[in-house]
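Here is the naming used below: chain letters follow the sequence lines, and residue numbers restart at 1 for every chain.
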Protein chains: 2
Amino acid sequence: METRIERIKKQLHSASYKLTPQREATVRVLLENEEDHLSAEDVYLLVKEKSPEIGLATVYRTLELLTELKIVDKINFGDGVSRYDLRQEGAAHFHHHLVCIECGAVDEIQEDLLEDVESVVERKWNFKIKDHRLTFHGICYRCQDKDKEVEKVD
Amino acid sequence: METRIERIKKQLHSASYKLTPQREATVRVLLENEEDHLSAEDVYLLVKEKSPEIGLATVYRTLELLTELKIVDKINFGDGVSRYDLRQEGAAHFHHHLVCIECGAVDEIQEDLLEDVESVVERKWNFKIKDHRLTFHGICYRCQDKDKEVEKVD
DNA sequence: AACATATTTTATAATAATTATCATATGGTA
DNA sequence: TACCATATGATAATTATTATAAAATATGTT
C-alpha cells in the first residue's frame, strides 16, 4: 500500500505535480475502496471523514489529474454520474465491467479478453486503438441464485 | 423509411403508447441522422426546424421512452452529454463505436465480434449477458493519414 | 532565513444537463 | 359530444461539474 502510494507520488512528480496532503488523502480513499466504483461525491465524503477540511472542487481536480495521468479511469455506467476506478498497476488497458441489471452490483474483469477483437478492428477498420471501454449488462451469479430460490418457492 | 416508422409505431402501440406527432418528428430526426450520435439538445434543435412548437422536455421524454423500448440506445462517450443511437432493426446487441481522440469522430461497427468473449464471460464469471457496451478510443484512419502528411512536411 | 514565484486549495458562484411540476391540450372511446 | 387517460409545453428545480478569485502553501534563490 505504502509502496503503491510512493509509486503514484513518483508518477505525479515526473509530470511535475506534487502529492499534496489532499491528493494523498484522495488516493488513499481510492486504494482503500479499490473494488468499488466511487463517484466524485462518494470520494469526497470518504475523504472528508479523515480530512474534513478538504473541498469538493479539490477532489474533482485531483480525480481529473489522476485520470489524465492514467492512474484512474473515469467511467460512466449511464446513471448520470462519472465514477473513478483505479487502473491496475502496469495495465496497458482498462479492465472490463459486469453490471447487474437486477441488483446494480458492478464486478470487474481484469483479464484482457479483447486481444483478438482488437487486432481485427485495427486491421479491418484501420483504427489505431489506444484504449477501450467494455461493459456487459446482465444478471450476476448472485441474482441468478436468488432467482432460482424464488422459482422453487413459487 | 416509412415502413420503419410504421414498425416503430407498432412497437409503441404494443406497449400501449401512441405515436404522437411530436414523437414521430423525433423519430424522423433520428432516422434521418442515423449515422450521427446526437445529444438530446441536438435532436431538439433538429426537430424544432420542422416542428417549432415542440418543447425540450418532450424530446427528453420521447428519447427516454424509445430507450426503454430498446428502439434507441443511450450512450455516453465521457463528454458529459448522453447521446442517442438508433439500434439496428432486429439487432440483439448494441453495436460498437470507434471514438477518435484526435478529431472526435465516432464511427460504428455493426459486426458483433464479441461472440467468443461473451461465451467466455458467461461461463467463467457465470454472468448472464443481456447487452453490452464496447467503445474503442484511438486514432481513426482519417487522422492517421493527416498525421502522415504532417510528418512529410516536417 | 527572507524573498519572489508558481502551484494548490478553499469557498463559492456559474454553468450545463436533466428531471419534475402543473396547467393545458389532445385523442380515442362510450 | 362528453369523458378520461395520456401527452405536451413552459418553466422551475435539481444535480453534477467547472470556473473564479482570494488565500495558503510549497519551491527555489540569494
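One interatomic measurement links the two molecules: CD of B:Glu24 to P of D:dA7, which rounds to 16 Å at whole-angstrom precision. We find that CG of B:Leu65 is positioned 14 Å from C1' of D:dT8, with the value rounded to whole Å. With rounding to whole Å, A:Leu45 atom CG is found 14 Å from D:dT15 atom C1'. One can place OH of A:Tyr44 at 14 Å from P of D:dT17, the figure rounded to the nearest angstrom. The CZ-P distance, from A:Arg83 to D:dA16, rounds to 10 Å in whole Å.
The side chain of B:Arg61 sits closest to D:dG9 out of C:dT9, C:dT18, D:dG9. With distances taken from any side-chain atom of B:Ala57 to the nucleotides C:dA20, C:dT8, D:dT8, the minimum falls on C:dA20. Side chain of A:Lys18, nearest nucleotide from D:dG9, C:dT9, D:dA26: D:dA26. Distances from the side chain of A:Tyr60 to the nucleotides D:dG9, D:dT18, C:dT8 place D:dT18 closest.
Proximity of B:Thr20 to the phosphate of D:dT8: a side-chain N or O atom is located under 4.0 Å from OP1 or OP2. Between C:dT18 and B:Ser82, a contact under 4.0 Å exists linking OP1 or OP2 to a side-chain N or O. For D:dT25, neither phosphate oxygen OP1 nor OP2 lies less than 4.0 angstrom from any side-chain nitrogen or oxygen of A:Gln22.
A salt bridge links A:Glu24 and A:Arg28; the closest N-O separation between the charged side-chain nitrogens and carboxylate oxygens is under 4.0 Å. Salt-bridge formation is detected for the pair A:Arg133/A:Asp73: a Lys NZ or Arg NE/NH1/NH2 atom is positioned less than 4.0 Å from an Asp or Glu carboxylate oxygen.
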*Apply the test salt bridge (charged side-chain N to carboxylate O under 4.0 Å, His left out) to residues B:Lys128 and B:Glu118: give CA-CA distance (whole Å), side-chain angles for both, the deciding distance (0.1 Å), then the verdict.*
CA-CA 9 Å; B:Lys128 183 159 249 152; B:Glu118 293 198 343; over 6 Å; no

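The aromatic rings of B:His96 and B:His132 lie tilted to each other, with the angle between the two planes from 30° to 60°.
Using modelled atom types, one side-chain atom of A:Ser119 and one backbone atom of A:Asp116 make a donor-acceptor pair closer than 3.5 Å.
Using a 4.0 Å heavy-atom cutoff across all strands shown, B:Glu53 reaches sugar-phosphate atoms only and no base atom. Nucleic acid contact class of B:Arg23 (heavy atoms, under 4.0 Å, all strands): sugar-phosphate only. Among the atoms of the strands shown, none is found under 4.0 Å from any heavy atom of A:Glu64.
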